[in-house]
Novice: 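I have a structure here, written as structure tokens, and I will follow up with some questions on it.
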Amino acid sequence: MGRTYVADDTVQKYLSSLHTAGGVCITGLLIGQLSLQRDYVLLSTKTPHRDSDGPGEGHSSSGLLDDADLEWATEHAKQVSQMLPGGMSVLGVFLIVPPELSKEAPSTLRRLVFAIEKHISKGRLWDLTEEDITERVTLQICSKTKKALCRSFDIKDPKSSAKPADWKYQPVSSSSWPLVTCTVALDLQISLPLKSLDDICIKEGLRSWANRIKAAVCLINGKLVADESELVPGQKKNPKMGKQKFQVQVLLQTLEDMGSSAVTQCCRSFISIRGAVHCRAYLQPNKPRAKHAVEAIRKDLMNTVSCRVNMLMEDLLMNEFNDQGVMTGVQPLPHRVFVALPASDFRLCDYVFPDESIADVAERLHEMLDSRVTEESIDSSLEPTHAKTPMSSRTADPIQHSRASKQHIEAPKDIKKSNMQQYYTGDFYIPLLIYIYIYIYIYINRTVVI
Amino acid sequence: MILRLGGGLEFLCQLDVSDGKILLASLGLVWPQAVTSCTISFFLYFFLSFSEASQRQLEVSRSFADLRSRVKAESLVFSLTDSALFIWPNKSFQASLDDVDESTACGELLQYHLFLFFPPITCSSQPVVNLRFMMEITEPTEPSAPCLYRENKKHHCIRMVLPMDCVVTVRSDETFGSALSTQLSEMEAVTLRHMKDTDVPVPRPFHFSLPTSTELVTIVYPASVDDKGLESFRKELHNRFELPDDRPYFRRSNAFHFPDEPYKDGYLRNPHNHLNHPNIEGAKPYLVQGVYSYHHYMQDRMDDNGWGCAYRSLQTICSWFRQQGYMERTVPTHKEIQQALVDVGDKPAAFVGSRQWIGSIEVQAVLSHLLGVTSKILFVSQGSELPSQGRELANHFLTEGTPVMIGGGVLAHTILGVAWSETSGQIRFLILDPHYTGGEDLQTITDKGWCGWKGPEFWDQNAYYNLCLPQRPKAI
């Protein structure tokens with residue numbers, strides 16, 4: 001009994017629109033949601049062209065897929081997976097092959113799907129559990145006959161073989177998919193010990209924060225709902241009912257006892273991550289349970305934070321190679337914007353650095369997801385932007401009246417001002433005391449002489 | 001009803017590191033005149049240490065002030081353990097269940113417990129409602145754009161989890177929000193008082209039930225300092241609460257034991273509390289004061305059936321001293337008792353590991369050697385004369401209140417109290433029998449009389465008996 005993949009009609013339209021120019025295959029991703037009974041494929045996108053010196057459309061005609069192509073495809077998959085809201089993920093891959101190359105297609109698909117899964121899960125703050133579905137789909141389409149062959153692999157088992165799966169096209173109404181949202185205030189403090197590496201410490205810090213998120217209690221629409229209970233009571237899918245919206249509240253549990261003495265570490269640096277992030281997840285419409293909603297939002301929260309921090313770190317690293325020295329002070333994290341793809345209610349997301357514009361987002365979406373969106377459809381209002389960071393209102397808010405945020409504000413100010421902070425440290429005393437020294441020395445010598 | 005709020009609050013503090021201290025002190029040594037240079041460098045070193053220490057204290061105070069503002073924030077949530085009830089105390093008492101609001105009586109909160117734990121032993125009749133606090137991270141009041149702030153400054157990072165534990169009795173007007181804030185202030189005071197350089201002890205609250213007040217008193221102690229080091233602090237407390245100076249009330253072992261917390265070691269506590277007093281006209285009960293645990297045959301996987309009764313009685317007495325705060329070490333095992341007797345020279349080395357009996361004199365010796373406790377020995381030449389010791393025993397339980405070990409004939413028992421009539425001389429003895437070989441089943445122990453009131457006929461009328469009456473040490 002294999003898995004059933006229900007693909008939206010738009011996927012069918014897209015796949016049939018892809019043409020191959022003799023002897024070249026096209027790879028791409030299948031995006032959707034995995035659920036216990038069946039998996040929904042909502043979107044598909046081909047791997048963008050790779051700028052290579054070779055002939056053809058980026059795929060070498062000598063074999064189906066060489067290493068560079070594989071790397072390119074996995075990188076594309078990772079970028080796309082970062083653009084997906086909670087509940088949606090890269091389900092698998094498709095491959096459009098000419099009939100003469102169809103013999104090698106299965107092994108290529110297998111290589112591709114395992115490599116993609118491995119690359120996507122690197123740097124993720126959560127691991128697949130028993131409850132997660134580990135089957136991924138591969139779709140092989142013959143470019144001449146347009147016949148599709150659907151198989152699935154269990155990516156948890158490296159030796160697994162292809163299992164046959166059902167593939168059918170059905171219109172998927174995005175309005176009947178419940179939406180879960182929340183806005184989370186981040187407050188991470190990471191101390192970097194003396195002899196340590198930056199990225200290991202940051203990863204450690206993010207991991208311990210993620211553990212707290214995994215242990216946190218989530219309320220749905222203000223109430224604690226049992227894991228197995230249905231989110232939408234009553235089975236009948238009433239089309240007249242508007243989109244079901246659920247608001248999640250995340251409550252962090254208190255920490256466990258640590259022992260009789262505080263842990264003191266000599267550290268060289270201190271990192272603080274603060275601000276509000278918006279999280280969003282979609283749930284499949286067939287009797288979704290509370291635990292799915294909670295899991296989807298948790299994963300989205302962990303993904304968006306780790307993704308942004310990694311993006312910023314990479315950006316800073318590149319800047320460090322160009323400029324000198326390690327960046328300090330306030331660095332804005334990329335801002336999350338949401339955009340609805342044409343003919344669908346689902347909103348995907350993208351991350352924008354402060355020096356980028358909405359046009360860049362549209363360009364990226366076109367490249368990654370092979371679809372044109374208008375700049376107006378890009379919604380950047382769900383998260384507070386950096387322009388709105390109120391410097392003056394800090395004093396009013398008691399929560400932010402803390403040391404970390406004080407330095408948060410004062411760091412971009414004049415350097416002279418920051419020296420005031422060092423009033424009590426040795427750096428201030430040195431000139432003062434040398435002065436005193438000289439005075440005492442002269443005084444003592446004077447009396448001796450006399 | 002007791003409302004108890006607990007949870008761990010993360011405390012994070014950065015203390016600046018200045019290398020200037022050593023540098024400047026060594027500068028002083030550069031001067032040609034040896035004496036002057038030494039004094040200057042000492043002066044500098046201590047001056048800088050002092051200012052560094054006060055700077056550190058400022059940092060710690062600032063971190064505590066930050067925490068105090070956090071517990072007053074709207075993101076604080078109380079959750080009733082094992083229930084679906086969540087309360088936002090600072091957000092005009094928003095609750096997660098519809099029928100709960102500010103005016104809900106605290107007694108009604110009990111009904112939201114999905115299950116209520118009724119322990120078989122209730123030390124007090126008050127039910128305990130446990131709340132834990134949590135922090136909500138969603139729906140921030142003033143959302144700001146996400147930023148990463150980095151500072152490259154050498155510093156000491158101090159991280160600890162503050163074990164908050166507030167008790168609010170329903171009658172008082174004090175709200176939980178201010179209770180948390182007050183406890184944080186107390187923790188700050190204790191931390192500042194006991195921190196040395198960058199060594200910071202975790203402040204831990206304990207609750208004490210005092211004879212002079214009906215409500216529980218909460219005191220914060222630094223976790224890494226033992227009871228001996230806190231003696232001067234306890235003296236202050238005794239003065240503050242007007243308590244006598246000869247018995248401890250504020251040692252960690254004196255902490256109030258909440259009825260819903262099971263004892264981790266599995267021994268039964270005060271089984272005599274479940275018995276009815278004997279019905280004798282004119283007799284008043286004189287009972288052991290405080291808490292002891294019941295030690296008997298076959299416990300701790302030690303088969304001492306037939307020879308260990310005095311050892312078990314001694315263990316019961318030691319458990320009393322431990323739980324009243326006079327003893328920090330654990331209750332001694334048979335081997336440890338035997339070793340103690342060898343150490344004082346009372347027995348040869350071969351005694352350890354044997355199954356030889358001990359008597360009251362040996363009990364007295366062990367109590368003296370291991371605990372530093374003196375004991376009075378009472379000798380009764382015939383069992384029939386025991387009732388005449390009624391006044392002596394009643395007086396003992398009134399003033400000392402310690403369990404009494406009695407050995408004679410071939411048996412040893414523990415006397416936990418007497419019901420004695422001054423006028424008629426009638427007496428009953430509350431006996432704890434160490435010869436019980438079963439499990440920790442309170443029902444069996446009380447029903448079958450393993451802990452029970454016995455009359456004078458219980459004793460062997462012709463045998464002689466020795467009683468060991470341990471005296472309370474005068475200490476706080």
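All values below come from the heavy atoms of this structure, side chains included, with hydrogens, waters and symmetry mates left out. We name chains A, B, ... by the order of the sequence lines, and we start the count at 1 in each one.
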Novice: Between A:Val184 and B:Thr138, what is the shortest heavy-atom contact and its length?
Specialist: CG2-CG2, 3.7 Å
Novice: Just so I understand: if I count every heavy-atom pair under 4.5 Å between each of A:Ala216, A:Cys182, A:Ala276, A:Ser191 and chain B, which residue has the most?
Specialist: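 The residue among A:Ala216, A:Cys182, A:Ala276, A:Ser191 with the greatest pair count is A:Ala276.
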Novice: Measuring heavy-atom distances to chain A, does B:Val200 have an atom under 4.5 Å in its side chain, in its backbone, in both, or in neither?
Specialist: both
Novice: What's the shortest heavy-atom distance between A:Ser269 and B:His155, and which atoms?
Specialist: O-CE1, 3.4 Å
Novice: Could you check which of B:Ser224, B:Ala223, B:Cys157 has the highest count of heavy-atom pairs closer than 4.5 Å to chain A?
Specialist: B:Cys157
Novice: Of A:Leu251, A:Leu186, A:Ile213, which meets side chain to side chain contact (heavy atoms under 4.5 Å, CB included) against B:Ile137?
Specialist: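 Running side chain to side chain contact (heavy atoms under 4.5 Å, CB included) over A:Leu251, A:Leu186, A:Ile213 with B:Ile137 returns exactly one hit, A:Ile213.
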Novice: If every non-hydrogen atom of A:Ala262 is compared with every non-hydrogen atom of B:Val202, which pair is closest and at what distance?
Specialist: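 Result for this residue pair: N-CG2, 4.0 Å.
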Novice: State, to 0.1 Å, how close A:Leu255 and B:Glu10 come at their nearest heavy-atom pair, and which atoms those are.
Specialist: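 That would be CD1-CB, 3.4 Å.
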Novice: Among A:Val263, A:Leu301, A:Val305, which residue forms the greatest number of heavy-atom pairs with chain B at distances under 4.5 Å?
Specialist: A:Val263
Novice: Could I get the full list of salt bridge (Lys or Arg N to Asp or Glu O under 4.0 Å) partners for B:Arg132, not counting sequence neighbours?
Specialist: none
Novice: Heavy-atom pairs under 4.5 Å with chain B: which of A:Pro334, A:Cys279, A:Pro193, A:Cys267 has the most?
Specialist: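 Answer, by heavy-atom pair count under 4.5 Å with chain B: A:Cys267.
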Novice: Give me the atom names and distance for the closest heavy-atom approach of B:Phe133 to A:Thr254.
Specialist: O-CG2, 2.6 Å
Novice: Chain A heavy atoms under 4.5 Å from B:Leu12: which part of the residue, side chain, backbone, both or neither?
Specialist: side chain
Novice: Locate the shortest heavy-atom distance separating B:Arg150 from A:Leu192; write the atom from each residue and the value.
Specialist: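 Residues B:Arg150 and A:Leu192, closest heavy atoms: NH2-CD1, 3.9 Å.
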Novice: Please classify the contact of A:Val248 with chain B as side chain, backbone, both or neither, using a heavy-atom distance under 4.5 Å.
Specialist: backbone
Novice: Where do A:Met313 and B:Leu148 land on the side chain to side chain contact (heavy atoms under 4.5 Å, CB included) test, with the steps shown first?
Specialist: CA-CA 10 Å; A:Met313 288 290 128; B:Leu148 187 144; 3.8 Å; yes
